[in-house]
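The analysis underlying the following values was restricted to heavy atoms, covering all of them including side chains, and did not include hydrogens, waters or symmetry mates. All values derive from a computational prediction rather than experimental measurement.
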Amino acid sequence: MNCIILKPCKAMMPRMHPSAVLSSGFLLLSTGLSSCTFLPMFSSGGQETPRTLGARMEKHTEVLQKDIGERNASQPKSMDAAAKYIAGNFSDMGYAVTMQPVSGGNEKKGAAIYNILVYKPGLYSNNQSIVVGANYDSSGQRNNGSGTALLLETARGLKDIPTNHNIYFVAYANGAEPAGKSISSGACVHASTLSGSIGATNILGMINLEPQKLDAGGERKQPDPESYREAVLFTTTPHGKKFAGQCAAPFAKSWEQAPATFCREPSALTGNDRHYAVLGIPTVSCRCKYPVTDARTEEYVQALTDMIHQVADNDAPEPAKNAGQGEKAS
């Protein structure tokens with residue numbers, strides 16, 4: 001599969017544990033992306049990045065929902081603008097960005113449609129990975145861009161925090177399209193490609209970040225107080241109950257209340273997570289009732305960041321075993 005990788009300059013490259021460097025090289029070779037082009041980094045452009053988390057979340061949704069507008073296969077220019085904005089933000093954080101083509105666009109005419117991927121290597125594992133994803137396309141009012149905002153800000157929060165396992169952050173194309181469209185879901189493309197390269201059993205779980213509640217008429221409304229249990233919902237499958245529990249524990253520690261968990265059969269899932277679930281990969285889809293402009297959204301993003309960090313640190317290997325692996329790898 002063709003791809004484009006945007007490579008950050010050396011000055012922006014973070015220091016990595018030696019095992020992480022080996023892991024990164026191994027994974028890049030094993031992903032099956034045999035025809036890659038290295039290009040200068042995108043820049044997110046526009047105004048300076050806001051300093052506060054809440055302001056950044058609001059900016060992301062404003063750009064995607066209002067400045068760019070409806071984003072789907074029938075709006076290739078909007079999809080391109082959204083992809084560049086997301087890639088630019090990832091690149092500004094210091095991540096190398098991979099553009100993975102999906103169907104629905106026209107690559108020859110410069111109107112290709114892409115998943116936008118970044119990879120955070122783990123300290124100890126070659127293939128053991130988790131996936132964190134969100135749609136960036138839209139259909140009517142079905143996606144206000146807040147899921148993508150969550151993806152960007154959790155990736156930002158974890159950029160320089162070491163984790164034992166690898167993390168893939170993925171912004172999916174073709175996820176919010178109406179049913180019946182004969183185009184491939186970006187989540188389906190990524191799930192099949194990644195599982196084919198590293199093995200489905202090495203994907204410890206997939207965390208799907210759902211869009212948050214739309215503000216009524218764009219107004220800054222503070223909703224009536226709700227119980228924490230009603231405010232956040234995790235959706236999973238019976239097969240993913242254990243993974244959902246691993247996610248809920250650190251989330252609850254930050255959120256001060258365990259989220260409600262709703263189990264469905266894989267066939268009943270309708271989001272990005274279903275494409276991983278059908279491969280036997282544990283999934284959890286995270287929903288939040290608060291609008292992006294609500295002050296509690298910052299707490300939600302922090303809880304998600306803590307959750308992803310902890311899940312990517314599960315099952316740390318023994319130090320002696322690490323040392324042995326390092327000697328073999330070198």
Side-chain angles (χ1 to χ4, degrees), residues 3-4 6 42-46 49 56-93 95 97-105 107 111-119 131-156 167-178 181 183-191 193-194 206-214 270-276 285-288 292 301 304:
C3 68
I4 301 172
L6 304 167
F42 280 127
S43 174
S44 57
T49 302
R56 290 195 299 271
M57 286 285 295
E58 188 172 357
K59 179 185 176 183
H60 297 322
T61 53
E62 285 277 333
V63 171
L64 292 170
Q65 185 182 11
K66 295 182 179 179
D67 296 349
I68 295 176
E70 189 167 352
R71 310 168 299 283
N72 51 52
S74 63
Q75 305 285 341
K77 290 184 178 179
S78 293
M79 286 293 285
D80 183 61
K84 287 180 178 177
Y85 175 78
I86 296 163
N89 274 273
F90 277 137
S91 187
D92 288 347
M93 297 174 203
Y95 284 108
V97 181
T98 300
M99 310 290 282
Q100 181 183 45
V102 298
S103 64
E107 193 171 359
I113 293 176
Y114 298 99
N115 286 336
I116 302 105
L117 296 76
V118 299
Y119 165 64
V131 178
V132 183
N135 289 337
Y136 75 91
D137 65 320
S138 69
S139 179
Q141 294 296 311
R142 288 184 64 184
N143 189 344
N144 62 356
S146 56
T148 302
L150 290 170
L151 181 74
L152 289 171
E153 291 310 310
T154 53
R156 185 191 305 277
I167 306 175
Y168 288 90
F169 293 101
V170 191
Y172 301 113
N174 297 346
E177 281 286 341
K181 290 283 185 178
I183 57 177
S184 297
S185 162
C188 180
V189 172
H190 183 257
T193 301
L194 185 61
M206 185 273 180
I207 299 171
N208 184 39
L209 304 177
E210 297 277 5
Q212 287 177 251
K213 183 178 177 181
L214 282 165
T270 58
N272 298 315
D273 45 355
R274 75 182 186 275
H275 298 294
Y276 295 84
S285 193
C286 309
R287 288 187 177 275
C288 180
V292 174
V301 179
L304 284 176

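Between N174 and S184, the closest heavy-atom pair is ND2-O, 3.0 Å. Nearest heavy-atom pair, L304 versus C286, reported as atom, atom and distance to 0.1 Å: CD2-SG, 4.1 Å. In plain terms, the two heavy atoms of N208 and S285 that are nearest each other are ND2-OG, 3.1 Å. Contact detail for A134 and G147: the closest heavy-atom pair is CB-O, 3.4 Å. Summarising the geometry of V301 relative to E153, their closest heavy-atom pair is CG1-CB, 4.0 Å, with the distance given to 0.1 Å. Between A171 and I86, the shortest heavy-atom contact is CB-CG2, 4.1 Å.
Annotation: R287, atom CZ; neighbour count of heavy atoms from other residues, nucleotides and ligands within 6.0 Å does not exceed 12.
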For side-chain contact (heavy atoms from CB on, under 4.5 Å), just list the numbers for R156 and L152, CA-CA rounded to whole Å, side-chain angles, deciding distance to a tenth of an Å, and then say yes or no. CA-CA 6 Å; R156 185 191 305 277; L152 289 171; 5.6 Å; no
Tell me, with the steps shown, if T154 and F169 meet side-chain contact (heavy atoms from CB on, under 4.5 Å). CA-CA 9 Å; T154 53; F169 293 101; 4.1 Å; yes
Quick one: do M79 and Y114 satisfy side-chain contact (heavy atoms from CB on, under 4.5 Å)? Show the steps, please. CA-CA 8 Å; M79 286 293 285; Y114 298 99; over 6 Å; no
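Of the possible donor and acceptor atoms, one in the side chain of N115 sits under 3.5 Å from a partner among the backbone N and O of A173. Put simply, the side chain of S138 gets close to the backbone of R71: a donor and an acceptor are under 3.5 Å apart. Side-chain atoms of S91 never come within 3.5 Å of backbone atoms of A87 as a donor-acceptor pair (strictly under, hydrogens ignored). In terms of modelled atom types and a separation under 3.5 Å, the side chain of D137 and the main chain of G175 share a donor-acceptor contact.
In this structure, the separation between CD on Q75 and CG on D80 is 13.0 Å, given to the nearest 0.5 Å. The CE atom of M206 sits 9.0 Å away from atom NE2 of H275, with the distance rounded to the nearest 0.5 Å. A distance of 11.5 Å separates OH of Y276 from CD1 of I207, quoted to the nearest 0.5 Å. Rounded to the nearest 0.5 Å, atoms OG (S146) and CE (M57) are 6.5 Å apart. Rounding to the nearest 0.5 Å gives a distance of 11.5 Å between NE2 of H190 and OG of S185.
Aromatic ring orientation, H60 versus Y85: perpendicular (interplanar angle above 60°, classes split at 30° and 60°). Ring geometry for Y95 versus F90: interplanar angle over 60°, hence perpendicular rather than tilted (30 to 60°).
Residues N272 and V170 form no side-chain contact, since every pair of their non-hydrogen atoms from C-beta on lies 4.5 Å or further apart.
Under the 4.0 Å criterion applied to side-chain N and carboxylate O atoms, K59 and E62 are not assigned as salt-bridge partners.
For the pairing with V132, the side-chain contact (heavy atoms from CB on, under 4.5 Å) check across L151, L150, V118 returns one residue only, L151.
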